[in-house]
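Input: a single structure, listed below in structure tokens.
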There are 2 protein chains.
Amino acid sequence: MISQARSHSVKRIADSTVRRLSAYLRFLEESAVDGVETISSDALARRGGTTSAQVRKDLSFFGSFGKRGLGYSVPELTSSLRDILGLGREWNVIIVGAGKIGMALGQYEGFEQRGFHVTAVYDTDPGKIGTQWGSILVRDMSRVEADIAEVTPDIAVLAVPVGEAQDAADRLIRAGVKAILNFAPTQLQVPGDVSVRNVNMAMELEGLSFILSNRDR
Amino acid sequence: MISQARSHSVKRIADSTVRRLSAYLRFLEESAVDGVETISSDALARRGGTTSAQVRKDLSFFGSFGKRGLGYSVPELTSSLRDILGLGREWNVIIVGAGKIGMALGQYEGFEQRGFHVTAVYDTDPGKIGTQWGSILVRDMSRVEADIAEVTPDIAVLAVPVGEAQDAADRLIRAGVKAILNFAPTQLQVPGDVSVRNVNMAMELEGLSFILSNRDR
DNA sequence: ATACACTTGTGAATGATTTCACAAGCTCGG
DNA sequence: CCGAGCTTGTGAAATCATTCACAAGTGTAT
Ligand SMILES: NC(=O)c1ccc[n+]([C@@H]2O[C@H](COP(=O)([O-])OP(=O)(O)OC[C@H]3O[C@@H](n4cnc5c(N)ncnc54)[C@H](O)[C@@H]3O)[C@@H](O)[C@H]2O)c1
Ligand SMILES: NC(=O)c1ccc[n+]([C@@H]2O[C@H](COP(=O)([O-])OP(=O)(O)OC[C@H]3O[C@@H](n4cnc5c(N)ncnc54)[C@H](O)[C@@H]3O)[C@@H](O)[C@H]2O)c1
């Protein structure tokens with residue numbers, strides 16, 4: 001009962017399922033603001049661009065959260081989803097690469113709001129080291145290993161030029177980092193116990209390009 | 001023979017396939033720089049984090065590009081993939097929202113390099129309108145419909161606050177935009193003839209959070 | 001207390017994607 | 001020209017994900 005979520009996590013959960021859970025959570029949060037008390041799988045589905053059966057199946061991997069005939073309690077399901085996604089705690093995040101993207105991410109309030117706390121930003125450029133962004137100080141990349149040894153961040157965001165990405169990742173991993181959000185357009189080679197997610201904007205544009213080129217047939 | 005790529009595109013191509021093609025292309029470009037002439041599906045797979053059978057299957061949807069016993073010619077496959085992905089031409093892109101993310105994207109050289117030409121950036125903030133970023137001038141969002149009527153961009157990048165995203169998308173779609181790359185963390189509701197790709201960084205972090213929380217079992 | 005309208009949770013069916021496995025084709029060395 | 005060694009291209013099989021369909025609850029109205 002302490003962790004309804006955990007008790008079911010025997011079979012591997014598909015990536016696509018986790019992404020949808022994230023989407024449901026966001027919609028639930030919006031609904032709560034609007035004062036909605038209860039929501040059906042069908043309403044959740046329409047907003048999330050999926051089907052009600054999909055919503056129920058996704059949730060069923062983790063437990064049984066709804067009331068038949070009624071739907072789901074917005075606050076209860078919100079809390080369960082946060083639990084499932086591991087958002088019940090704060091995660092320490094470092095940003096590596098204080099360039100255009102790193103800067104945008106470091107100043108973005110949305111992450112803190114969801115429990116991702118940026119503890120430090122690193123760069124190799126002497127012109128950037130020591131500069132302050134709001135509450136965040138850009139630190140010297142040569143310190144990263146020492147800092148990680150002291151407080152290991154849960155997640156490292158990699159926002160360095162593509163040619164530096166693998167080396168930087170190797171350094172972080174050697175220092176103990178187990179999860180990386182990579183913005184460089186390259187497939188990082190990492191050991192099996194390290195998780196990587198990629199945000200590849202050029203790839204998304206290419207996906208649109210493919211669709212546009214193949215509209216005809 | 002003019003378009004080997006097009007001749008096969010009868011059955012729908014999976015999204016995952018298109019993403020991998022994108023990855024293969026990037027690796028091929030790197031290999032070309034290193035002077036590699038020929039590459040096997042196995043080498044392509046290792047670098048792309050997949051299997052050689054997957055590589056061959058992906059390519060087989062579009063034609064037959066390799067030589068048995070030898071592998072694929074790097075320049076030929078590069079060119080075929082560019083063709084398949086619709087990168088043989090230049091795409092006009094507008095950026096809507098000249099904030100932290102919009103600015104990073106507008107100044108990013110990687111997009112131009114791959115044929116995505118940013119023609120304009122729009123914002124509603126009078127303090128931003130009229131400012132210049134490199135070669136790009138921030139324009140008044142109230143002009144967007146008139147500008148689109150003149151030259152319809154192929155793709156619009158949406159980088160406005162989440163509460164503005166649906167309205168901004170509706171405006172763009174009404175004006176004729178058929179493809180959107182959305183950075184706002186919301187599921188846009190769009191008509192069937194409009195393609196949307198989402199870049200949702202918070203969702204990626206939540207994916208890592210889920211993995212980290214469920215490592216134990 | 002019963003009927004009615006609704007909605008969940010979930011096996012089973014269907015559909016999609018990935019992996020397997022191997023015949024067929026190419027190159028090279030002798 | 002032949003055999004050895006590779007590597008592709010592709011049906012068939014296996015795996016994975018989504019959709020269907022419906023029994024089993026739940027709330028409400030009468
Ligand atoms: N800017 C974008 O819109 C955008 C879009 C898609 C992808 N990306 C990718 O994101 C990455 C960063 O892009 P950007 O535009 O912010 O580049 P940028 O050049 O503005 O910033 C990169 C920063 O990394 C620093 N750096 C270099 N080597 C480093 C190292 N070893 N350790 C720590 N810091 C190091 C540099 O000093 C610089 O400040 C690139 O891989 C780029 O391809 C960027
Ligand atoms: N900054 C990040 O790292 C980051 C990360 C993840 C997601 N996002 C998302 O990207 C979007 C933009 O984020 P940001 O950090 O760049 O925000 P921002 O506030 O820096 O920029 C938003 C810009 O959009 C402009 N704008 C507002 N309404 C507009 C409209 N109707 N038409 C045109 N322009 C309009 C604002 O004037 C502002 O310049 C948000 O939805 C945010 O949630 C940002």
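Labels below follow one simple rule: chain letters A, B, ... track the order of the sequence lines, proteins then strands, and each chain is numbered from 1.
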Item to complete: Could you tell me whether the phosphate oxygens of D:dG9, OP1 or OP2, come under 4.0 Å of any side-chain nitrogen or oxygen in B:Ser64?
Response: yes
Fill in: D:dG9 phosphate, OP1 or OP2, under 4.0 Å from B:Tyr72 side-chain N/O
yes
Fill in: B:Gln189 atom CD, neighbour heavy-atom count above 12 within 6.0 Å
yes
Discussion item. Heavy-atom count check: over 12 atoms from other residues, nucleotides or ligands less than 6.0 Å from A:Glu90 CD?
Written reply: yes
Minimum heavy-atom separation for [X] and [Y], please, with both atom names.
X	Y	value
A:Val121	A:Val118	CG2-CG1, 4.2 Å
A:Ala43	A:Ile39	CB-CG1, 3.7 Å
B:Val160	B:Ala168	CG2-CB, 4.3 Å
B:Ser195	A:Arg215	OG-NH2, 3.5 Å

Discussion item. What I'd like to find out is whether the side chain of A:Val177 reaches to under 4.5 Å of the side chain of A:Val194, using heavy atoms alone.
Written reply: no
Which atom pairs, donor and acceptor, lie under 3.5 Å between side-chain atoms of residues 98-109 of chain B and protein residues at least two apart or in another chain?
none

Fill in: Nucleic acid contacts of residues 17-43 of chain B, taken as heavy-atom distances under 4.0 Å to DNA chain D
B:Ser40, B:Ser41
Discussion item. Let's see if you get this right: which residues in residues 49-58 of chain A place a heavy atom under 4.0 Å from DNA chain D?
Written reply: A:Thr51, A:Ala53, A:Gln54, A:Arg56, A:Lys57
Discussion item. Using the rule given for side chain to side chain donor-acceptor pair (under 3.5 Å), can you reason through B:Glu204 versus B:Asn200, listing the C-alpha separation, both sets of side-chain angles and the distance that settles it, and then say yes or no?
Written reply: CA-CA 7 Å; B:Glu204 304 302 334; B:Asn200 192 327; over 6 Å; no
Please give, in whole Å, the distance from [N] [atom2] to [X] [atom1]?
X	N	atom1	atom2	result
A:Phe61	C:dG9	CZ	C1'	12 Å
B:Leu44	D:dT7	CG	P	13 Å
B:Phe65	D:dT10	CZ	C1'	15 Å
A:Asp15	C:dT17	CG	P	15 Å

Heteroatom pairs (N/O) under 3.5 angstrom, protein to nucleotides 26-30 of chain C:
from: C:dC26; atom 1: O4'; to: B:Arg68; atom 2: O; distance (Å): 3.1

Discussion item. Under the criterion side-chain contact (heavy atoms from CB on, under 4.5 Å), I'd like the reasoning laid out for A:Tyr72 against A:Ser41: C-alpha separation, chi angles, the key distance, then a yes or no.
Written reply: CA-CA 8 Å; A:Tyr72 301 87; A:Ser41 57; 4.0 Å; yes
Practice prompt. For A:Lys57, check side chain to side chain donor-acceptor pair (under 3.5 Å) against everything at least two apart and list the hits.
Written response: none
Item to complete: Evaluate side-chain contact (heavy atoms from CB on, under 4.5 Å) for B:Leu87 paired with A:Ser209, printing each intermediate quantity in order.
Response: CA-CA 7 Å; B:Leu87 301 177; A:Ser209 162; 3.7 Å; yes
Show each protein N/O and nucleotides 13-16 of chain C N/O combination with a separation under 3.5 Å, one pair to a line.
none

Practice prompt. Find the distance between CG (A:Leu158) and CG (A:Leu172) and round it off to the nearest 0.5 Å.
Written response: 6.0 Å
